[in-house]
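First comes the structure, then the notes that go with it.
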Amino acid sequence: MDKRYIPDKVEEKIYSLWEKSGFFNPDNLPKTKKLTKLKAKSFCIIMPPPNANGSLHIGHALFVTLEDIMIRFARMKGQKTLWLPGADHAGFETQVVFDKKLEKEGRSRFKMDRKKLWQEMYEFTQENKKTMENQLRKLGASCDWSREKFTLDPDIIKEVQHTFIKMHKEGLIYRGLRTVNWCVKHQTALSGLEVKRKEEKGKLYYMKYGPFTLATARPETKFGDTAIAVHPNDKRYKKYIGKEVEVQGLLGKFKIKVIADKAVDPEFGTGVIKVTPAHDPLDAEIGTRHNLEVKQVIDRYGKLNEHAGRYAGMKVMEAREKVVEDLKKKGLLVKVDENYTHNLAVCFKCERTLEPIPLPQWYVKTKPLAKPAIETIEKGKIKIIPTHRKKVILHWLKNIEDWNISRQIIWGIRIPAWICEKTNEAKSYKLTMGFHESVVPQIFKGKIATWRIRDHGFKKGDAVAFENSQEEKIFGHGTITKVEKLTVGTMNLKDKTHYATYKTRDELLRAFKKHNPDKNITLQTPVFAYHYTFKKANKLMKLKAISSSCPPIVSIEKPKQCPSCKSEKLSQDPDVFDTWFSSGQWPYLTLGFKNSGKHDKDFKDFYPTSVMETASDILFFWVARMIMMGIYRTKKLPFKNVYLHGLILDKDKQKMSKSKGNVINPLGVAEEYGTDAVRMALIAGNTPGRNSTISEDKIRGYRNFATKIWNITRFISMNYEEIKTKPVITPKDKKNLKQLEATKKKVTKHLEKFEFHRAAEITYHYIWHTFADKIIEETKPRLQNGDKKDKAAALETLITILTESIKMLHPFMPYATEEIFQHLQDLQGKKKKTLLIVEPW
RNA sequence: GGGCGUUUAGCUCAGUGGUAGAGCGUUUCGUUGACAUCGAAAAGGUCACAGGUUCGAUCCCUGUAACGCCCACCA
């Protein structure tokens with residue numbers, strides 16, 4: 001034996017020994033008699049799948065260690081034990097990582113072909129996944145690789161989509177046009193959980209607004225105001241409630257309604273707010289309550305649109321400055337509060353200000369899903385460790401809001417919904433051209449141009465909808481092919497495009513006058529001739545109906561036609577699911593739950609799973625959703641226990657981050673000090689759910705411990721000889737063995753109660769300060785001077801204690817203990833086994 | 001604005017209704033025939049503060065303070 005324990009020589013060899021044994025796979029585990037006595041016959045942990053967009057960090061090392069301890073403990077006890085590994089495609093997170101990569105290469109996803117981008121990202125994640133798997137192996141993870149899952153495996157995708165369809169059928173999914181949290185950089189909407197708050201010093205502008213003065217932080221959104229709101233009990237403004245007031249704005253005078261809403265705080269500002277339902281979450285709510293018009297003035301690139309008049313095209317901040325400047329010029333700006341701090345909603349990834357804009361998105365109605373989850377947690381059917389988190393999760397569930405699951409990225413599971421293209425066409429007709437009903441038949445007959453006194457602003461190539469002005473129905477659509485500017489006097493009456501209507505110029509003049517009574521029409525009046533192509537609509541549609549569009553069709557397969565308008569032109573919704581919509585279903589999907597009802601055997605054997613061990617910061621993102629969706633789909637809880645671990649901080653209690661340069665790479669330190677040492681350093685002194693610190697000093701300390709048990713073994717080996725005589729066990733031996741039993745009991749108790757730090761510390765302390773420092777020291781004289789029988793007794797006691805000690809320690813320090821166990825078996829000439837399934841425990 | 005957590009040795013943190021614990025660090029001594037990545041020992045704490053319950057409180061209760069975290073629509 002070497003003088004020291006050298007992890008490098010051992011780890012790879014041992015891991016492959018375990019893998020070859022096949023015992024990571026529960027199907028290969030021996031059926032023990034003990035099993036029948038156990039309360040729970042099986043034990044299962046679904047690994048929180050690491051994101052396949054990088055390599056493992058110290059947090060991963062912590063969860064691997066915690067879960068591996070539980071798994072090894074259960075397996076040694078004789079339970080049918082499964083630890084199912086996986087990887088997460090991590091939708092938006094990976095998209096952000098990949099966007100950065102593209103940026104470095106001078107590329108952008110917005111200029112790439114969807115399929116090609118997807119393929120590249122797929123390869124990127126597969127590469128990362130491979131690296132991560134090897135890293136998990138290095139950390140000693142005794143998981144069943146044969147059952148490994150990826151969130152983009154075809155069967156997973158299918159089942160995720162089935163869940164969406166089922167929820168849709170049952171009214172739990174709806175498509176809503178709402179003000180969403182939009183990230184201008186990433187060009188996607190985010191859910192409420194992905195919104196970060198950042199305190200910012202801004203300005204609060206007080207401006208004249210009709211008879212009021214009101215305060216706003218966003219004057220540039222004023223073009224989207226569709227009401228003024230005050231508190232219903234505010235005496236100052238009571239007389240205005242329900243009335244329309246005239247306001248002098250930057251783009252002229254306009255009239256606006258005053259409403260009363262309790263959301264308005266009379267104490268803040270002047271107690272009056274302008275309501276911009278399109279661009280503020282609170283205003284959107286008020287808008288819904290009062291059925292206000294939603295007027296979008298900011299587009300998805302963060303620029304003002306045509307509703308902003310001369311400010312159109314400006315970016316938000318630019319427009320704000322300009323608007324304030326103009327308000328000042330017009331004397332509409334009362335004052336500016338420069339010391340105004342507020343919590344700005346920013347993108348949790350890029351920290352840029354989020355732009356609330358109205359967009360149609362898919363939502364999950366969460367209240368009906370949360371209800372049974374709340375009941376279950378309240379009844380204590382799920383044990384949450386640490387317990388105080390129970391309150392936190394309950395509070396969140398009780399105040400849950402509907403969940404936007406649409407993401408405008410390509411990396412993820414495509415939403416199985418189809419959009420009627422005809423709808424799209426109609427929608428893209430921002431332009432409509434009205435025709436008197438008497439003219440409509442001529443168009444059907446082939447009339448290919450129209451004369452207009454008014455400049456409609458159409459340009460060549462514009463798509464237009466053709467509307468019957470009297471019926472207000474769209475009867476067709478087409479494209480502008482030519483625009484001519486003429487005058488009434490220069491119009492060619494013989495032009496066949498117009499022949500059927502007017503025979504003389506007088507008749508023409510009269511007709512123009514009739515249709516435009518307020519205008520003074522002469523022969524010199526300009527006339528616009530719009531030439532177009534025409535296609536008849538399949539069905540007459542109200543313009544309103546068109547703009548509200550055919551409802552999307554929810555289906556995995558592409559439907560033959562749109563059930564609303566029978567159009568066969570359908571395209572798939574380009575959006576993908578929020579990653580958590582799929583990972584929220586992870587426990588039952590990985591175990592082979594099937595929509596068809598023909599679940600895999602694993603589902604019967606291992607669901608509900610035993611423990612969900614994960615980071616406490618994804619309690620809402622993941623744990624709460626797994627509980628809701630698990631109950632919804634399987635009618636059972638996805639797991640019986642939730643164990644939440646905290647963050648790993650550096651020795652100065654700082655969060656580890658690449659920019660601070662204080663990151664401890666778990667694989668790096670494992671390389672240097674051995675995996676076992678890193679594992680112990682992560683576990684000892686780490687109470688459930690609390691942040692803990694790690695330093696190289698600490699790891700070094702446990703490396704020393706590995707050396708210690710190694711040298712205990714070496715000492716015993718050096719003194720070993722085959723025991724031939726019947727040993728005479730002394731009372732001291734008996735006492736020592738009793739103490740060992742007591743220690744084992746304590747350790748077991750702590751492991752069962754998820755108190756891993758206690759179990760680890762007790763084991764550590766027993767081995768070093770009781771076994772090595774006391775028992776071995778006391779035994780030394782007996783080994784050297786004692787008679788044969790006494791020596792045999794001493795030796796046997798030592799071997800027993802060592803064997804039991806390494807069993808106890810195995811879940812924590814699997815490599816060194818296994819290596820020692822193998823060595824001990826060699827020494828005693830025993831048949832080789834592995835500690836993985838050694839009994840009893 | 002709500003909620004939660006923490007406060008124990010120089011540092012990092014355990015822990016318990018009955019005289020305070022570990023690791024690291026410090027000091028002294030020992031050991032080179034298991035291990036110097038070692039052993040033996042020592043110093044070091046009004047258990048944040050103020051009340052209360054109790055025979056007894058670091059622990060249970062109430063309040064205060066500091067620090068940290070989470071949630072929340074104050075324009």
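Side-chain atoms are counted along with the backbone in the values below, which use heavy atoms only and exclude waters and symmetry mates. Lettering of chains follows the sequences in order, A, B, ..., and the numbering in each one begins at 1.
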Roughly how far apart, to the nearest Å, are [N] and [M] at atom [atom1]?
N: B:U26; M: B:G21; atom1: P; answer: 24 Å
N: B:C67; M: B:G18; atom1: P; answer: 33 Å
N: B:C60; M: B:C4; atom1: P; answer: 15 Å
N: B:G5; M: B:C73; atom1: P; answer: 23 Å
N: B:G44; M: B:C38; atom1: C1'; answer: 24 Å
N: B:A72; M: B:A20; atom1: C1'; answer: 42 Å
N: B:U7; M: B:C61; atom1: P; answer: 14 Å
N: B:U12; M: B:G25; atom1: P; answer: 15 Å

(request) Can you tell me which residue pairs pass the salt bridge (Lys or Arg N to Asp or Glu O under 4.0 Å) test with a partner in residues 750-771 of chain A, sequence neighbours excluded? (result) A:K77-A:E752
(message) Give me each pair satisfying salt bridge (Lys or Arg N to Asp or Glu O under 4.0 Å) with a member in residues 672-682 of chain A, each pair once, sequence neighbours excluded.
(response)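 Listed by first then second residue: A:D68-A:R679.
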(request) Would you mind building the protein contact string for nucleotides 59-67 of chain B? One character per nucleotide, 5' to 3', B for base within reach (heavy atoms under 4.0 Å), S for sugar-phosphate only, - for untouched. (result) ---------
Which atoms of nucleotides 32-35 of chain B (N or O only) lie under 3.5 Å from a protein N or O atom, and what are those distances?
{"residue": "B:A34", "atom": "O3'", "partner": "A:R714", "partner atom": "NH2", "Å": "3.1"}
{"residue": "B:A34", "atom": "O2'", "partner": "A:N711", "partner atom": "OD1", "Å": "2.7"}
{"residue": "B:A34", "atom": "O2'", "partner": "A:R714", "partner atom": "NE", "Å": "3.3"}
{"residue": "B:A34", "atom": "O2'", "partner": "A:R714", "partner atom": "NH2", "Å": "3.1"}
{"residue": "B:A34", "atom": "N7", "partner": "A:K780", "partner atom": "NZ", "Å": "3.1"}
{"residue": "B:A34", "atom": "N6", "partner": "A:E777", "partner atom": "OE2", "Å": "2.8"}
{"residue": "B:A34", "atom": "N3", "partner": "A:N711", "partner atom": "O", "Å": "3.1"}
{"residue": "B:C35", "atom": "O4'", "partner": "A:N711", "partner atom": "OD1", "Å": "3.1"}
{"residue": "B:C35", "atom": "O4'", "partner": "A:N711", "partner atom": "ND2", "Å": "3.3"}
{"residue": "B:C35", "atom": "O2", "partner": "A:K708", "partner atom": "NZ", "Å": "2.7"}
{"residue": "B:C35", "atom": "N3", "partner": "A:K708", "partner atom": "NZ", "Å": "3.2"}

(request) Sequence neighbours left out, what passes side chain to side chain contact (heavy atoms under 4.5 Å, CB included) with A:K295? Give chain and number order. (result)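 Testing A:K295 for side chain to side chain contact (heavy atoms under 4.5 Å, CB included), a comparison that skips the adjacent residues, returns A:T226, A:E293, A:H307.
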(request) Would you please name every residue forming a side chain to side chain contact (heavy atoms under 4.5 Å, CB included) with A:K732, sequence neighbours left out? (result)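 For A:K732, the residues satisfying side chain to side chain contact (heavy atoms under 4.5 Å, CB included) (neighbours in sequence not counted) are A:T730, A:K735, A:N736, A:E778.
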What protein N or O atoms touch nucleotides 21-24 of chain B N or O atoms at under 3.5 angstrom, if any, and at what distances?
none

(request) Can you sort out the partners of A:K746 under side-chain hydrogen bond (donor to acceptor under 3.5 Å, both in side chains), two or more places apart, ordered by chain and number? (result)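 Once residues adjacent in sequence are excluded, A:K746 has no partner under the side-chain hydrogen bond (donor to acceptor under 3.5 Å, both in side chains) criterion.
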Whether the [X] and [Y] side chains hold a donor-acceptor pair (N or O, under 3.5 Å, no angle test) is what I'd like checked.
X: A:S616; Y: A:H645; result: no
X: A:D326; Y: A:Y311; result: yes
X: A:E11; Y: A:T675; result: yes
X: A:E696; Y: A:Y673; result: yes
X: A:H290; Y: A:D261; result: yes

Any salt bridge linking [X] with [Y]? Criterion: basic side-chain nitrogen under 4.0 Å from a carboxylate oxygen.
X: A:E93; Y: A:K349; answer: yes
X: A:E285; Y: A:R178; answer: no
X: A:D402; Y: A:K365; answer: no

(request) Would you kindly give the CG-to-P distance between A:L649 and B:G5, to the nearest whole Å? (result) 19 Å
(request) Please report, rounded to the nearest Å, how far the C1' atom of B:C69 is from the CD1 atom of A:I393. (result) 17 Å
(request) Identify, between A:R703 and A:K774, the residue whose nearest nucleotide on RNA chain B lies closer to the 5' end. (result)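 Between the two, 5'-proximity favours A:R703.
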Check the interface with nucleotides 70-75 of chain B: list each N/O to N/O pair with the protein under 3.5 Å, or write none.
{"residue": "B:A72", "atom": "N6", "partner": "A:N343", "partner atom": "ND2", "Å": "3.3"}
{"residue": "B:C74", "atom": "O2", "partner": "A:D265", "partner atom": "OD2", "Å": "2.7"}
{"residue": "B:C74", "atom": "N3", "partner": "A:D265", "partner atom": "OD2", "Å": "3.1"}
{"residue": "B:A75", "atom": "OP2", "partner": "A:Y340", "partner atom": "OH", "Å": "2.4"}
{"residue": "B:A75", "atom": "O5'", "partner": "A:Y340", "partner atom": "OH", "Å": "2.9"}
{"residue": "B:A75", "atom": "N6", "partner": "A:D265", "partner atom": "O", "Å": "2.5"}
{"residue": "B:A75", "atom": "N6", "partner": "A:F268", "partner atom": "O", "Å": "3.2"}
{"residue": "B:A75", "atom": "N1", "partner": "A:D265", "partner atom": "N", "Å": "3.0"}

Residues 272-282 of chain A, side-chain donor-acceptor partners within the protein, below 3.5 Å, at least two apart:
{"residue": "A:K274", "atom": "NZ", "partner": "A:T221", "partner atom": "OG1", "Å": "2.8"}
{"residue": "A:K274", "atom": "NZ", "partner": "A:D225", "partner atom": "OD1", "Å": "2.9"}
{"residue": "A:K274", "atom": "NZ", "partner": "A:T276", "partner atom": "OG1", "Å": "3.2"}
{"residue": "A:T276", "atom": "OG1", "partner": "A:D225", "partner atom": "OD1", "Å": "2.8"}
{"residue": "A:H279", "atom": "ND1", "partner": "A:P356", "partner atom": "O", "Å": "2.8"}
{"residue": "A:H279", "atom": "NE2", "partner": "A:V297", "partner atom": "N", "Å": "2.9"}
{"residue": "A:H279", "atom": "NE2", "partner": "A:I298", "partner atom": "N", "Å": "3.1"}
{"residue": "A:D280", "atom": "OD1", "partner": "A:L282", "partner atom": "N", "Å": "2.9"}
{"residue": "A:D280", "atom": "OD1", "partner": "A:D283", "partner atom": "N", "Å": "3.0"}

(request) Evaluate whether atom NE2 of A:H395 has more than 12 neighbouring non-hydrogen atoms of other residues, nucleotides or ligands under 6.0 angstrom away. (result) no
(request) Run the ring-centre check on A:Y702 versus A:Y764 and record whether the distance is less than 6.0 Å. (result)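 When the ring centroids of A:Y702 and A:Y764 are compared, they turn out to be within the sub-6.0 Å range.
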(request) Answer yes if the ring centres of A:F73 and A:F812 are under 6.0 angstrom apart, and no otherwise. (result)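 Not close enough - the centres of the two rings lie 6.0 Å or further apart.
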(message) Taking A:V230's backbone N and O only, do any of them form a donor-acceptor pair with A:D234's side chain (distance below 3.5 Å, no angle check)?
(response) no
(request) Convert the base pairs of RNA chain B into dot-bracket notation, remembering that pairs crossing earlier ones are written with [ ] and that bases paired across to another strand are shown as |; include only Watson-Crick or G-U pairs under 3.5 Å. (result) (((((((..((((....[..)))).(((((.......))))).....(((((..]....))))))))))))....
(request) Classify the angle between the aromatic ring planes of A:F620 and A:W396 as parallel (below 30°), tilted (30 to 60°) or perpendicular (above 60°). (result)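 Ring orientation, 0 to 90° scale: parallel.
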Check the interface with nucleotides 10-15 of chain B: list each N/O to N/O pair with the protein under 3.5 Å, or write none.
{"residue": "B:U12", "atom": "O2'", "partner": "A:T693", "partner atom": "OG1", "Å": "3.1"}
{"residue": "B:C13", "atom": "OP2", "partner": "A:K653", "partner atom": "NZ", "Å": "3.3"}
{"residue": "B:A14", "atom": "OP1", "partner": "A:T687", "partner atom": "OG1", "Å": "2.0"}
{"residue": "B:A14", "atom": "OP1", "partner": "A:R690", "partner atom": "NH1", "Å": "3.2"}
{"residue": "B:A14", "atom": "OP2", "partner": "A:R690", "partner atom": "NH1", "Å": "3.3"}
{"residue": "B:A14", "atom": "O5'", "partner": "A:T687", "partner atom": "OG1", "Å": "3.3"}

